[in-house]
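First comes the structure, then the notes that go with it.
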Amino acid sequence: ITRVGVFTSGGDAPGMNAAIRAVVRTALYNGKKVTGIYHGYQGMIDSTMFDMDSRSVSSIIQKGGTVLKTARCMEFKTVEGRAKAYENVRAAGIDALVAIGGDGTFTGAEIFSREFDIPVMCIPGTIDNDLNGTDLTIGYDTANNTVIDAIDKIRDTAASHNRLFFVEVMGRDSGCIALNAGVAGGAEAILLPEKETAIDELIEMLEHAADRKKSSMIVIVAEGDKNGGANNVAKRVNEKFDYYDTKVSILGHLQRGGAPSSADRVLATRMGYSAVNELLKGNTRATIGIRGSEMVTTPLEEALSKKELKLNQDLVEIAKIMAL
Ligand code: ATP
C-alpha cells in the first residue's frame, strides 16, 4: 500500500471528522500517502479528490458533520459508474480505501473491492447504532446527548403546564436512541420499532400515570415505530384519552448535528487508527468494530448478511419500572 483514499458516505454523523483525522495521521505515521475523496462515491466518479497532509485535518476533531462532505450516489450502484470510479481511483494512485458510513456504504465498498480487487476497510458512522459487527457506531453517543438535552427542555415546559408530550426521535429500524434517551430522560413510555405497542396499551400506561398525579408526561416515539410516528400516535391517543393539553415535538435533523461527545471522538479515533493498521496487516473487505473495550474486525459479507439485535432487553424492562 502506498496511498490510502478516505471518504465519508451516506448520512453524516458527529465524530466522522475525528475518524478522518485518525486515518490521515495513522497512514502518514506509517509512511503512506493519503487522498481525501469528497462526497463519498460521487467524488470517485467526479474525481473530486485532494492530497491530504497532517495539517489538512487540524482542528476538525471537535467539529460535527464531515469536512469531506457526503452524498448518496445512485451512479455507483451501476457497473459503469463503478468502472468510472475505479479508473479515477487508480489514476490518483490510490491502492487502498477507508470508507466511513452506514450499511449502504458498506455494501458499495464490498462490491467495489471484489470487482476491482482493491483493499477496503469500513468504519461504522451513523447515529442510529444499527450496524452489525460493533457494539457502538460513531455518532450514537452524541445523538443520545443531543436528544437528552432536548427532552430535559421539553420536560420543563411540560411540567409547568401539566402537558403530555409525544417526542419523536430518529431510528427507522433501531430503537437504540429512543430507549436510551427514554431511560435517561425519564420518559413515561417508549415506543420502539423492534416491539409493537398497541395504542390501547399505551393509553393504559398514560391513564395509570395520570392517576398517580404526574405533573408532566413524555412519550418517546422512535420514527420507525409501527404506529406511524408521533403525530399519528398523538392523534390516536387523543381520540380515547382526554388529557387536556397534548403536544408533539419532532426533533428531526438537529439530532445529526453538533460537536461530537468525548466518547465519540475517542471511538472514532480508535476506529480510524485500527482501519489503517488492519489494511497494513493485509486485512481487507471488513468493518472495524468495538466489542466491550476491544477493537475487532468482521468480514463485510458477514456484517451485511445478519441482523444483530442491539436493543438491550433488560433496559426495556427497567424503563417500564422507572416510569411507575
Ligand atoms: P445511513 O445509515 O446514514 O443511511 P448509508 O451508508 O447506509 O448511511 P446509503 O445512502 O444507503 O447510506 O448508502 C450510501 C451510498 O453507498 C449510496 O448512495 C451508494 O452510492 C452506495 N451504495 C449503497 N448500496 C449500494 C449497492 N448495492 N451497490 C453499490 N453501491 C451502493
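Counting convention: from 1, in listed order, for ligands and their atoms alike. Counting begins at 1 with the first residue of the sequence.
- Here the heavy atom of the protein found nearest to atom 12 (O) of ligand 1 is R72 NH1, 2.9 Å.
- Residue G101 has no nitrogen or oxygen atom sitting less than 3.5 Å from a nitrogen or oxygen atom of ligand 1, judged on distance alone.
- Atom 18 (O) of ligand 1 has its closest protein heavy atom at C73 N, 2.7 Å.
- F112 and F76 have tilted rings, their planes meeting at an angle from 30° to 60° on a 0 to 90° scale.
- In this model, a donor atom of one side chain and an acceptor atom of the other lie less than 3.5 Å apart for S216 and R155.
- The environment of K226 atom NZ is dense: over 12 non-hydrogen atoms of other residues, nucleotides or ligands sit within 6.0 angstrom.
- Look at D130 and K307 and you find no salt bridge, because none of the NZ, NE, NH1 or NH2 atoms lies under 4.0 Å from a carboxylate O.
- Regarding atom 15 (C) of ligand 1, its nearest protein heavy-atom neighbour is S9 OG, 3.6 Å.
- Short contacts between ligand 1 and G10, defined as distances under 4.0 Å to a heavy atom of the residue, involve ligand atoms 5 (P), 6 (O), 8 (O), 12 (O), 14 (C).
- In terms of protein heavy-atom proximity, atom 6 (O) of ligand 1 is nearest to T105 OG1, 2.4 Å.
- Of the protein's heavy atoms, I111 CD1, 3.5 Å lies nearest to atom 28 (N) of ligand 1.
- When the heavy-atom distances from atom 25 (C) of ligand 1 to R82, M170, E115, K77 are ranked, the shortest goes to K77.
- In this structure, a donor-acceptor pair under 3.5 Å is absent between the side chains of T142 and N145.
- Ion pair E80/K84 not flagged as a salt bridge, since none of the NZ, NE, NH1 or NH2 atoms sits closer than 4.0 Å to an Asp/Glu carboxylate oxygen.
- Considering both main-chain and side-chain atoms, T107 never comes within under 3.5 Å of ligand 1 through any nitrogen or oxygen pair.
- Among protein heavy atoms, the minimum distance from atom 1 (P) of ligand 1 is reached at G11 N, 3.8 Å.
- Salt bridge annotation for E115-R82: present, with a cationic side-chain nitrogen under 4.0 angstrom from a carboxylate oxygen.
- One option in G104, C122, G139, G108 has a heavy atom closer to atom 5 (P) of ligand 1 than any other, and that option is G104.
- The heavy atom nearest to atom 29 (C) of ligand 1, considering only F112, F76, F106, is found in F76.
- Annotation: R172, atom CZ; neighbour count of heavy atoms from other residues, nucleotides and ligands within 6.0 Å does not exceed 12.
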